[in-house]
Protein chains: 2
Amino acid sequence: MGQNVDVYAAAESAPWDEVVADAFTRVTRQIADVRSRSPFYADLFDAAGIGPEYQIRDWDDLTRIPTTDKREIRASLAAAPPLGRHLGVDRARLVQIQATSGTTGSPSYLGVTEADIATWNELGARAFYAAGFRKGDVVLHAWSLSKGFTGGVPVVRMLAHLGATVIPVGAEAGLHKILTVAKEQEAVAMCTAPNFALYLADKCMETIGVSANDLAIAKLVVGGEPGGGLPAIRARIQDGWGATCCEVLGNSDIATIVWAECPERDGMHFIGQGLVLPEIVDPVTGRHVEPVAGATGELLYTALQREASALIRFRSGDMVQIIDTDCACGRTSYKLRCEGRTDDMLLVRGINVWPTAVQGVVADFAPRTTGAMRIVLDFAGHVTNENLMLKVEHAPDTPADAHDELARDISSAIRSRLSFRADVRIVPAGELEPPGAAKVRLVERSI
Amino acid sequence: MGQNVDVYAAAESAPWDEVVADAFTRVTRQIADVRSRSPFYADLFDAAGIGPEYQIRDWDDLTRIPTTDKREIRASLAAAPPLGRHLGVDRARLVQIQATSGTTGSPSYLGVTEADIATWNELGARAFYAAGFRKGDVVLHAWSLSKGFTGGVPVVRMLAHLGATVIPVGAEAGLHKILTVAKEQEAVAMCTAPNFALYLADKCMETIGVSANDLAIAKLVVGGEPGGGLPAIRARIQDGWGATCCEVLGNSDIATIVWAECPERDGMHFIGQGLVLPEIVDPVTGRHVEPVAGATGELLYTALQREASALIRFRSGDMVQIIDTDCACGRTSYKLRCEGRTDDMLLVRGINVWPTAVQGVVADFAPRTTGAMRIVLDFAGHVTNENLMLKVEHAPDTPADAHDELARDISSAIRSRLSFRADVRIVPAGELEPPGAAKVRLVERSI
């Protein structure tokens, strides 16, 4: 089974039920191990009556283990600085400390040992391999490299582990430097954020006098923010670069990348067999959700062999939809797409609204818009019974007398596709902050 | 010999004449090897009559080998993009490509193999060890991490090789993030640029409400720009941080760090025994300069086992002065300090002026100045017969009626210590661009 499948690790094409059964054995071991090393988990398990002998044989057994969320990790960090009650190893064994962003609240931190880095490297190599990156490829790194962001130095290590020739340029280097290096070093691949990939392509000709399409870059991996999976955005990225564009998804606290698209490019496969156990649950009831096509829920992760900063049933906050359970590429894991984050969800007259979904609708209006947009929150909290306010950038060559029609068309597409009403305000191209080293914000508060 | 000396590698305390004799054997081998792999060097050696059997037994033999400079490397890159006629290995063997700055002209590039990274790691581990960094130390990286700069990812690898726990924050992360992470992660050591180290200390209280002196950082390594060796600047850095401050020096094209201060902190030792051969020459005649106390000249480097982008007798452009040939620390290499760069030198009424030396005089006027200054070039080229124009920032609490006296005092100190006349203009604290991810410019052109 899977012998002729083009994967980085054989486990990626093993029968999915075997992968899950193996993960249950590993998570049983990890639970006993982590409780002996981490006071945070010892307390959590004791309170839930989960003893050191607790066995996981099925999803029900797993669901009895309490989940952990970002807030509890922050509390653990505050209770035992600098790395929390869940650290689990001597600090002297840590080889690196990373900061996790940033989507919500202040930075938090995690430590990694040599073995933890080896796990991340394996995950990254599988993911970039799935996206078509190969040994010897000259790969430009254009995610943020600073702030201890896990998309930075850890990804440089992953690409090196795959055998690629990495150019650690970073998003901070800016348009001109990134594009110049891409051209001068004849890079064939690049990893970056989806909105920044689009922006780089749009500005390439005016910045270095060559179209992004004429550069050697033929393979893109995008992630770090939503957008790369939206058909209209992906099409523009691929057209702009004359390249394939694969999306990846991970979680700073667990591992930078745990999901990656294969050449089919219709949803991200799980690539962490033996290293991570993913789960989908109903975010409200916490019940297990079977990963069948169309199912939605929140993603949880358990690290199966993490030494430092181990996490069991960690709530990612990512709301996902299962795309399929079968794939022509031969990978046996189900495929999904991220719809948004639990903490980003808006409730507009009782309708759930994900900012990413709104971005998807706006992106479909290219070339009349630049694709840049912001939802303006003119109310406290995340619930409103008014129309949602939306700013959309028109393209530089959209004539002024066509703006009203554009606003009406977007408004009507939102009403029919997302079932809520939006007041659309068309703003000049370039008015919204351009993408850079930080995640693009899709929402801004006016209150 | 050297058994009881606290060094990272035994070679650091071997008799210096043995180190040099060993280097001559290695450079003989490297010359034969590089000529067989690199058309650039084959042509260069052929033109100079240096055959594959050429033997180096002494400095005279070495001096017959032609030197290489930055301009020739750029020409080699342009003749055979993307990595030049001196690349010397299959591109598929490269694991990383770095961009070299930036002090002069456009970026150039170099490739490194696995073995080249191992050499850099060894050099870095020796240097950081000399400065007091140890296995298990939590070290904050605050040099620039982006643009492919060799002070970025390569230094993260060096620190990891030493066994430190690295936090890859980077200068791009900015004041607030760097200081917050330093505090929250209880970092005990940091590497950064000297002017930025000073700036971080000055702004620490107002940025995070704690004095830099009260943070856990006890060891600093500074480099990447001059200043860390100037007594007044070093004293302010050490006072500000309550930490030791050691300077390091290297060259992007050869290796990020090749010289490092020991606990004596009176000049940088060579730490590249067996890996690099340094030379000092008269920049005009090219004659060998014996490294005795007080001698000055330009630093040249030969990589003794470089696989990719190898360089033989590479002119660094760094003008150095030998401080001593003997040290209480037990390291046997001579010690030096960088006075400036050949391309930075100004000629003011026939007097050689290094911007760094001017900065040193200005720094002595703390706390009346912030230490920030710029030489304003109001003439074309590097030669003038007029007074040199100098902008100096006064400290925030220096009263306006004391500015004229400050200007006169600085002007007179420059006249007596550096033998030229300067017109000093006092400007408000904060007017000159603050230090950040880029090297601090000491010179600005108004013409």
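In what follows, chains are A, B, ... by sequence order, proteins preceding strands, each numbered from 1. The model shown is predicted, which means the values in this text are computed figures rather than measured ones.
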The interface call for A164(A) against chain B, heavy-atom contacts under 4.5 Å, is backbone
Taking every heavy atom of L94(A) against every heavy atom of T165(B), the minimum-distance pair comes out as O-OG1, 2.7 Å
Scored by heavy-atom pairs under 4.5 Å with chain A, the best of R93(B), K147(B), K135(B) is K147(B)
Handout entry: Residues, nucleotides or ligands: over 12 heavy atoms within 6.0 Å of R71(A) CZ
Key = no
d(Q185(A) CD, L77(B) CG) to nearest 0.5 Å is 8.0 Å
What one should report as the nearest heavy-atom pair of L145(B) and V153(A) is CD2-CG2, 4.4 Å
Nearest heavy-atom contact between P168(B) and Q98(A) is CG-OE1, 3.6 Å
If one checks every heavy atom of V139(B) against chain A at 4.5 Å, the contacting part turns out to be neither
Under 4.5 Å to a heavy atom of chain B? For E184(A) that would be both
In short, I167(B) meets I97(A) closest at the heavy-atom pair CG2-O, 3.5 Å
Under 4.5 Å to a heavy atom of chain B? For K177(A) that would be side chain
Please say whether more than 12 non-hydrogen atoms of neighbouring residues, nucleotides or ligands are located less than 6.0 Å from NZ in K183(B).
no
Open item on the list: Please check: side-chain N/O of S146(B) versus main-chain N/O of G170(A), any donor-acceptor pairing under 3.5 Å?
Closed with: no
Smallest heavy-atom separation, E186(B) atom then R91(A) atom, equals OE1-NH1, 3.4 Å
Whatever's closer than 4.5 Å to a heavy atom in chain B on V112(A) counts as neither
When the 4.5 angstrom heavy-atom criterion is applied to V181(A) and chain B, the contacting part is both
